[in-house]
Amino acid sequence: MRAVIQRVLDARVEVAKETIGKIERGFVVFLGVRKTDTETDAMKLAKKICGLRIFEDKNEKMNLSPKAVGAGLLVISNFTLYGNASHGFRPDFLESMPPQGAEKLYEKFIDFCGAENTFSIIQHGKFRADMKVTVTNDGPVTLIIDTENLK
């Protein structure tokens, strides 16, 4: 699994001009599922993201966890994170998991994040929908985590 994590002041996701998820201070996670990913990958990634200490403490050092600051989480499915544009100009998505399996792991990831009891609120987009995501970055602070690289 691959996640792009953005620390935000606020964010929302709309489908068909209707807001279906929104948070204030917290993380937006754009989540891609690779065809070889498993529930174990979803669990490891959830634990890693829930434990990230990327909020500033009183000394302006990134040292505080989402739980410490009452952060929210907005999770957006994004199969294009496994897009390969190394050949030509049209990316292929051969590494992305087919939708049926990817949706199950996307939902498991959200469940695992909830089980960590870290975020004050967890919201998400709609799988396979045309979503409009509005993000007010904080910092900006953006991290990319791939489960292939987790130890």
Worksheet item: Run the side-chain contact (heavy atoms from CB on, under 4.5 Å) check on M97 and K104 step by step: do they pass?
Response: CA-CA 11 Å; M97 183 176 281; K104 288 177 185 170; over 6 Å; no
Self-check item: Verdict with supporting geometry, C113 and T118, side-chain contact (heavy atoms from CB on, under 4.5 Å)
Solution: CA-CA 7 Å; C113 287; T118 298; over 6 Å; no
- Message: Evaluate F127 against E107 for side-chain contact (heavy atoms from CB on, under 4.5 Å), listing each step before the verdict.
- Response: CA-CA 9 Å; F127 195 85; E107 291 171 355; 6.0 Å; no
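The structure places CD1 of I145 at 6.5 Å from NZ of K48, a figure rounded to the nearest 0.5 Å. Taken to the nearest 0.5 Å, the CD1 atom of I144 stands 9.5 Å off from the CG atom of D146. With rounding to the nearest 0.5 Å, the separation of CG in D92 from NE2 in H87 is 8.0 Å. Atoms CG and SG, from N117 and C50 in turn, are 9.5 Å apart once rounded to the nearest 0.5 Å. Put simply, CD on Q123 and CD1 on I20 are 9.0 Å apart, with the number rounded to the nearest 0.5 Å.
Looking only at side-chain heavy atoms (C-beta outward), F30 and V133 come within less than 4.5 Å of each other. Within the 4.5 Å cutoff, the side chain of T147 has heavy atoms near those of the D37 side chain. In this structure, P91 and N84 have side chains that are not in contact, with every pair of non-hydrogen atoms separated by 4.5 Å or more. Considering only heavy atoms from C-beta on, R53 stays 4.5 Å or farther from K61 through its side chain. The shortest distance between side-chain heavy atoms of L45 and F112 does not fall below 4.5 Å. Looking only at side-chain heavy atoms (C-beta outward), L150 and E148 stay at 4.5 Å or farther from each other. Inter-residue side-chain proximity for I23 and V8 is flagged as met; some heavy-atom pair is nearer than 4.5 Å. By the 4.5 Å heavy-atom criterion applied to side chains, L31 and I76 are not counted as neighbours.
At a threshold of 4.5 Å between side-chain heavy atoms, the hydrophobic network of Ile, Leu, Val, Met, Phe, Trp and Tyr places I49 and V33 in one connected group. V69 is connected to I5 through a chain of hydrophobic side-chain contacts under 4.5 Å among Ile, Leu, Val, Met, Phe, Trp and Tyr, so both are in one cluster. When the side chains of ILVMFWY residues are joined at heavy-atom separations under 4.5 Å, either directly or via intervening members, L64 and M62 end up in a single hydrophobic cluster. Residues I121 and V28 fall within the same hydrophobic cluster, defined by Ile, Leu, Val, Met, Phe, Trp and Tyr side chains chained together at heavy-atom separations under 4.5 Å. Under the 4.5 Å side-chain heavy-atom criterion for ILVMFWY residues, no single connected hydrophobic cluster contains both L74 and L52.
The backbone N or O of E60 lies less than 3.5 Å from a partner atom in the side chain of D57, making a donor-acceptor pair. Side-chain N or O atoms of T19 include none that pairs as donor or acceptor with a backbone N or O of G21 at under 3.5 Å. The closest donor-acceptor contact from the side chain of S65 to the backbone of A68 lies under 3.5 Å. Side chain of R2 to backbone of G32: no donor-acceptor contact under 3.5 angstrom is found.
Across every non-hydrogen atom of P66 and F55, the tightest pair is CA-CE1, 3.8 Å. For M1 against L105, the heavy-atom pair with the smallest separation is CE-O, 4.0 Å. For the residue pair D41 and T36, the shortest heavy atom distance occurs at OD2-O, 4.2 Å. The two residues R128 and S77 have their closest heavy-atom pair at N-OG, 4.2 Å. For the residue pair S120 and G72, the shortest heavy atom distance occurs at OG-N, 3.9 Å. Contact between A3 and V29 at its shortest, heavy atoms only, is CB-CG1, 3.9 Å.
Here the options are V75, I54, V141, the test is side-chain contact (heavy atoms from CB on, under 4.5 Å), and the partner is F27; only I54 passes.
Residues K47 and E116 are paired through a salt bridge, judged by an N-O separation under 4.0 Å between the basic side chain and the carboxylate. Checked for salt-bridge contact, K132 and D130 meet the test: a charged N lies under 4.0 Å from a carboxylate O.
The ring-ring contact (aromatic ring centres under 6.0 Å, His included) search around F79 returns F93, not counting sequence neighbours.
The list of salt bridge (charged side-chain N to carboxylate O under 4.0 Å, His left out) pairs with a residue in residues 9-23, not counting sequence neighbours, reads R12-E14.
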